**Student:** 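One structure follows; several queries about it will come next.
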Amino acid sequence: MPSGGARNRSGPQRDPNSGRSDRRNLAFTQLPSGGRTGRVPKFPLTDRRVYRWEVEGKIRRQVFDAESTEIVRDREAELWKWAWRTPQAVAWDREPWRWQAVAHWVRTSVLCETDEATASDRGSLHRFADQIGLTPAGLRENGWAIAVDEVTPAREARAAQVEAVQEKPAPPVRRMRPAAGGGN
């Protein structure tokens, strides 16, 4: 069995803020916090067919379940579309070879939403998420960082201030003294 050498997750994670990283000119690719815009690519995997068990007497057989297959197809399409709106999708767009791993993450995610998922399925889901950068560890492994959006919060705060100034204050409510003309 081979020993030694660098392995994935061997040793400390790369840190763009460390002195050693500065000396090595390590800089993480900044991904836009707003995510990716544009057309969502076609889902690269064939449709997953769902089967159910039917029992007739002593004979047990699997039968194609068209309704469940359609539900799975719709859920995969929904999750695939969501994934391509994340900041990580900007990097995937530059690296089409990752699309298969993204598609397998989608398929495994949908499978893990069911009662049929095994512990192995759940473990592979986490590994896929790391590979495609959907976890903090996966972002670091890929050398990606999600850029901090400093403009949008400042713009929203400024808009709220302008809106507050433009509103007319409500007239004061009289609480202590009775209104003029009415009283004892």
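For the single chain, residues carry numbers from 1 onward in sequence order. The structure presented is a predicted model; accordingly, all values stated were derived computationally and were not measured.
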**Student:** Are any of the side-chain heavy atoms of V102 and W80 separated by less than 4.5 Å?
**Tutor:**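 With C-beta onward as the side chain, the pair touches.
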**Student:** With a 4.5 Å limit on heavy-atom distance, are the side chains of S109 and L125 in contact?
**Tutor:**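 Yes, close enough: below the 4.5 Å cut-off.
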**Student:** Kindly give the heavy-atom pair with the smallest separation between T114 and L111, and that separation in Å.
**Tutor:**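 Shortest heavy-atom separation between T114 and L111 comes out as OG1-O, 2.6 Å.
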**Student:** Do T108 and R127 come close enough that some side-chain heavy atom pair is under 4.5 Å?
**Tutor:**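 Side-chain contact under 4.5 Å: no.
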**Student:** Can you list the residues that meet the ring-ring contact (aromatic ring centres under 6.0 Å, His included) rule with W99, with sequence neighbours excluded?
**Tutor:**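 Partners of W99 under the ring-ring contact (aromatic ring centres under 6.0 Å, His included) test: W84.
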**Student:** Tell me every residue that passes salt bridge (Lys or Arg N to Asp or Glu O under 4.0 Å) with R52, counting only those two or more places apart in sequence or in another chain.
**Tutor:**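 Counting only residues at least two positions away or on another chain, R52 forms a salt bridge (Lys or Arg N to Asp or Glu O under 4.0 Å) with E54, D65.
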**Student:** List the steps and the verdict of side chain to side chain contact (heavy atoms under 4.5 Å, CB included) for W144 and V90.
**Tutor:** CA-CA 11 Å; W144 303 336; V90 172; over 6 Å; no
**Student:** Between OG1 of T29 and CG of L31, what distance do you get to the nearest 0.5 Å?
**Tutor:**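 Separation between the atoms: 7.0 Å.
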**Student:** Which value, rounded to the nearest 0.5 Å, describes the distance between Q131 atom CD and S124 atom OG?
**Tutor:**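 OG of S124 is found 10.0 Å from CD of Q131.
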**Student:** Do E78 and R75 come within less than 4.5 Å of each other through their side chains, counting heavy atoms only?
**Tutor:**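 They are in side-chain contact.
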**Student:** How would you list, by chain and number, every residue that makes a side-chain hydrogen bond (donor to acceptor under 3.5 Å, both in side chains) with Q30, sequence neighbours excluded?
**Tutor:**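 If we apply the side-chain hydrogen bond (donor to acceptor under 3.5 Å, both in side chains) test to Q30, skipping adjacent residues, there are no hits.
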**Student:** Above 12 or not: heavy atoms from other molecules or residues under 6.0 Å from CD of Q62?
**Tutor:**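 Enclosed: over 12 neighbouring heavy atoms sit under 6.0 Å from CD of Q62.
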**Student:** Taking atom CH2 of W53 and atom CZ of R61, what is their separation to the nearest 0.5 Å?
**Tutor:**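 If I round to the nearest 0.5 Å, the distance is 11.0 Å.
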**Student:** For the residue pair I132 and W92, what are the closest heavy atoms and their distance?
**Tutor:**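 That closest heavy-atom pairing would be O-NE1, 2.9 Å.
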**Student:** Can a donor-acceptor pair be found, under 3.5 Å and without considering hydrogens, that links the side chain of T69 to the backbone of V50?
**Tutor:**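 Between the backbone of V50 and the side chain of T69 there is a qualifying donor-acceptor contact (under 3.5 Å).
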**Student:** Taking C-beta and beyond as the side chain, do H126 and T135 meet within less than 4.5 Å on heavy atoms?
**Tutor:**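 Yes; the side chains approach each other to less than 4.5 Å.
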**Student:** May I ask you to decide if G133's main-chain N or O and Q88's side chain share a donor-acceptor pair within less than 3.5 Å?
**Tutor:**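 Yes; at least one donor-acceptor contact below 3.5 Å.
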**Student:** Find the distance between CG (L134) and CH2 (W105) and round it off to the nearest 0.5 Å.
**Tutor:**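 Reported to 0.5 Å precision, the distance equals 5.0 Å.
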**Student:** Can you name the residues that form a side-chain hydrogen bond (donor to acceptor under 3.5 Å, both in side chains) with R98, not counting sequence neighbours?
**Tutor:**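 So R98 forms a side-chain hydrogen bond (donor to acceptor under 3.5 Å, both in side chains) with E95, N142.
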**Student:** What are the two closest heavy atoms between A117 and C112, and how far apart are they?
**Tutor:**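 Looks like CB-CA, 3.6 Å.
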**Student:** Please identify each residue that fulfils side-chain hydrogen bond (donor to acceptor under 3.5 Å, both in side chains) with D121, with sequence neighbours left out.
**Tutor:**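 Per chain and number, D121 pairs via side-chain hydrogen bond (donor to acceptor under 3.5 Å, both in side chains) with T118.
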**Student:** Give me the atom names and distance for the closest heavy-atom approach of P32 to P87.
**Tutor:**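 Heavy atoms only, the tightest pair is O-CB, 3.2 Å.
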**Student:** Name the atoms and distances for all side-chain donor-acceptor pairs under 3.5 Å in residues 38-49, with sequence neighbours left out.
**Tutor:**
residue, atom, partner, partner atom, Å
D47, OD2, R73, NE, 3.0
D47, OD2, R73, NH2, 3.3
R49, NE, Y51, OH, 3.1

